[in-house]
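Report on the structure given below.
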Number of protein chains: 2
Amino acid sequence: MERSTPPRGTVTQRAIEQLKSLISEGHLEPGQRLPTERDLAVRLGISRSSMREAIRALTVLGVLEARHGSGIYVTRLQAADLLETLGVVADLSRGPQLIELMEIRRALEATAAAIAAARISPEQLAEVETHLDAMYATEDPGEILAHDLAFHRAVAVAGGNGTLVAILDGLSSRTFRARVWRGYQEEGVFDRTRHEHRRILDALRARDPEAARAAAAAHVGEVESWLRARQT
Amino acid sequence: MERSTPPRGTVTQRAIEQLKSLISEGHLEPGQRLPTERDLAVRLGISRSSMREAIRALTVLGVLEARHGSGIYVTRLQAADLLETLGVVADLSRGPQLIELMEIRRALEATAAAIAAARISPEQLAEVETHLDAMYATEDPGEILAHDLAFHRAVAVAGGNGTLVAILDGLSSRTFRARVWRGYQEEGVFDRTRHEHRRILDALRARDPEAARAAAAAHVGEVESWLRARQT
DNA sequence: CGGAGCCGATTGGTCGGGCCACTGGGCGGT
DNA sequence: ACCGCCCAGTGGCCCGACCAATCGGCTCCG
């Protein structure tokens, strides 16, 4: 007759669920500090070890943040915090899944460009242009890649959808892009890449959402089709 | 000169990275069984507690799977395994972020519908139709919601991009949809919802990608604008 | 009076060991 | 040949201790 904590699943799993509902129910606000590990363990009637595993789980998900010597805190619960795990997905994906991810990135990048075309400010437009200029100013693959990433990020930011920015960041994670570029660059397509970026910028400058969508989709599609042909 | 384990970050965090690279480097294949917790702990020179935390972390990310009494295994590393965490994001998002997620869902749902229009098989078309019929056959909100979800899922599956299906599943996670529906249904818009779904089906039947994209975008946009007005 | 530096309580991080619960394969009985 | 029991292996959980980073208050010096 004590069923306060129905023994469904493992103890740790239950602890994770309980912490999650504490947040989703609104009992824990973003930025707020939690009780100590020792307290929480006692309250949920489990050992500190299990409690720590639960906390670690929510930490890697970007929901909690543990500061050594200070305490455990709820993150801001914003997209950037929560979607960091997308990078892991991209890193561990291979073969056909890479292509599927590219297909998704194409759709989102196109959407971001379209939204940006409608909302972008002169300052943001200038920043995007900066990165394009930088891509023209060097032949160093690493530097070009860096400005390539910055270019797309600036466009996404101009769209005003922070969640979308976080997702695209994840899909463009370091190793993901690096893996694709390694080899892609060998065929000397820097000029074409620069041109594609220019087309996107042109569309943004013209405040033409459909043109921007098409240019961005074509750009990502270029990489995508190369990847598809090479069947990595 | 001992760089075997660069003391960057915490011990557990290092263990997580090492396990991840074991997989991404190809030393661990999907489905393969790992050494025991005790073994791994010894090999990485850490305690079993820390090792368990690392394993738990990769478990919640959908990378590893622990079977009590049997061992620890690498998952298939497919989208469905890895993207389960997206549901957590959707569950914990609120206010403006919900709208941003909807904007993303609109883009992806539209893309999925467009792809499906080009590729869908007669059997898959029949299944989609089944769920639409079911939505017309009842007035029970729960049942309608269930077939609504199934309808969209069937469309996404017909698109052939498993990763996209997994992402949309996450964005349409139980509580996410339930939260939106609660109240939305009160305004008695079942008929409009059914009509929107019918438009999508019509476009699929006509093999018209652009029409399908527009119909799907309009459908999600309907919910989105309602949400935006209500500013949850 | 004010600021710099020390100090200790608090709290997360790590460790080692012990016990329990489940799995699976081998062994013995039928 | 088949079935069922048994037990070694393995993950799940707990305990208690100690280490290390933090942070606030206190002291001491200028």
Side-chain angles (χ1 to χ4, degrees), chain A residues 2-20 22-23 28-76 81, chain B residues 2 4-20 22-23 28 30-76 81:
Chain A
E2 25 59 49
R3 282 291 173 269
S4 66
T5 53
R8 64 160 134 76
T10 70
V11 172
T12 304
Q13 200 59 39
R14 238 183 306 159
I16 294 177
E17 300 298 336
Q18 296 190 31
L19 284 180
K20 272 202 303 189
L22 274 184
I23 296 177
L28 287 176
E29 294 300 316
Q32 183 176 346
R33 187 191 144 165
L34 278 69
T36 71
E37 291 180 346
R38 296 165 172 89
D39 269 8
L40 283 172
V42 172
R43 295 197 197 190
L44 300 190
I46 66 179
S47 75
R48 194 185 159 205
S49 314
S50 302
M51 193 68 243
R52 276 187 59 78
E53 281 189 32
I55 293 173
R56 169 73 63 178
L58 291 175
T59 295
V60 300
L61 289 182
V63 176
L64 298 182
E65 180 192 3
R67 300 180 203 159
H68 191 168
S70 175
I72 306 168
Y73 301 80
V74 181
T75 66
R76 298 166 304 165
D81 305 317
Chain B
E2 28 59 47
S4 64
T5 54
R8 64 160 133 76
T10 69
V11 173
T12 304
Q13 200 58 40
R14 240 183 304 159
I16 294 177
E17 300 297 338
Q18 295 190 32
L19 284 180
K20 271 201 304 187
L22 274 184
I23 296 177
L28 288 176
Q32 185 176 344
R33 189 193 141 159
L34 277 70
T36 70
E37 292 180 345
R38 296 166 172 88
D39 268 7
L40 283 172
V42 172
R43 295 198 198 189
L44 300 190
I46 64 180
S47 73
R48 195 186 158 205
S49 314
S50 302
M51 193 68 244
R52 275 187 60 77
E53 278 189 35
I55 293 173
R56 170 73 62 179
L58 291 176
T59 294
V60 300
L61 289 183
V63 175
L64 297 182
E65 179 192 3
R67 300 179 201 161
H68 191 168
S70 174
I72 307 167
Y73 302 80
V74 181
T75 66
R76 300 165 304 165
D81 305 317

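In the text below, chain A, chain B and the rest are named by the order of the sequence lines, each starting its count at 1. Model, not experiment: these values are computed from the prediction.
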Can you check the B:L64 CG to D:dG12 P distance for me, whole Å? 11 Å
Nearest-Å distance, CZ (A:R52) to P (C:dT11)? 15 Å
Is B:R14 salt-bridged to B:E17, cutoff N-O under 4.0 Å? no
Hey, mind stepping through A:R76 and A:E65 against side-chain contact (heavy atoms from CB on, under 4.5 Å) and telling me if it holds? CA-CA 10 Å; A:R76 298 166 304 165; A:E65 180 192 3; over 6 Å; no
For the pair made of CZ in A:R48 and C1' in C:dG16, what is the distance, rounded to whole Å? 14 Å
Any donor-acceptor N/O pair under 3.5 Å between D:dG11 base and B:R38 side chain: yes
Out of B:T36, B:V11, B:L19, B:T12, which residue meets the side-chain contact (heavy atoms from CB on, under 4.5 Å) rule with B:M51? B:L19
Rounded to whole Å, please give me the gap between CE in B:M51 and C1' in D:dG11. 13 Å
Provide, to the nearest angstrom, the distance between the OH atom belonging to A:Y73 and the P atom belonging to C:dT11. 10 Å
Quick check: on DNA chain C, is the nucleotide nearest B:S49 upstream (toward 5') of the one nearest A:G69, or the reverse? Name the residue that is more 5'. A:G69
Do A:S70 side-chain and C:dG12 base share a donor-acceptor contact under 3.5 Å? no
Look at all strands and tell whether B:T10 reaches a base, only sugar-phosphate, or nothing, counting heavy atoms closer than 4.0 Å. sugar-phosphate
Show the numbers, then the answer: is there a side-chain contact (heavy atoms from CB on, under 4.5 Å) between B:L64 and B:V74? CA-CA 5 Å; B:L64 297 182; B:V74 181; 4.1 Å; yes
Just compare D:dG11, D:dC13, C:dT11 and give me whichever is closest to any side-chain atom of A:S50. D:dC13
Is any side-chain nitrogen or oxygen of A:T12 closer than 4.0 Å to OP1 or OP2 of D:dG12? no
Of the nucleotides D:dT10, D:dC15, D:dA20, which one has an atom closest to the side chain of A:S47? D:dC15
Counting only side-chain heavy atoms from C-beta out, which of D:dG11, C:dT11, D:dC14 sits nearest to B:I72? D:dG11
Which nucleotide in the list C:dG12, C:dT14, D:dG12 gets nearest to the side chain of A:E37? C:dG12
B:I46 CD1 - C:dG13 C1' separation (whole Å): 12 Å
Hey, does the side chain of A:R33 reach the backbone of A:S70 with a donor-acceptor pair shorter than 3.5 angstrom? yes
Could you tell me how far apart B:E53 (CD) and C:dC15 (C1') are, to the nearest whole angstrom? 12 Å
Starting at atom CD of A:E65, determine the distance to atom P of C:dG12, rounded to an integer number of angstrom. 13 Å
Consider the side chain of B:H68, meaning its heavy atoms from C-beta on, and name the nucleotide among D:dG11, D:dT10, C:dT14 that approaches it most closely. D:dG11
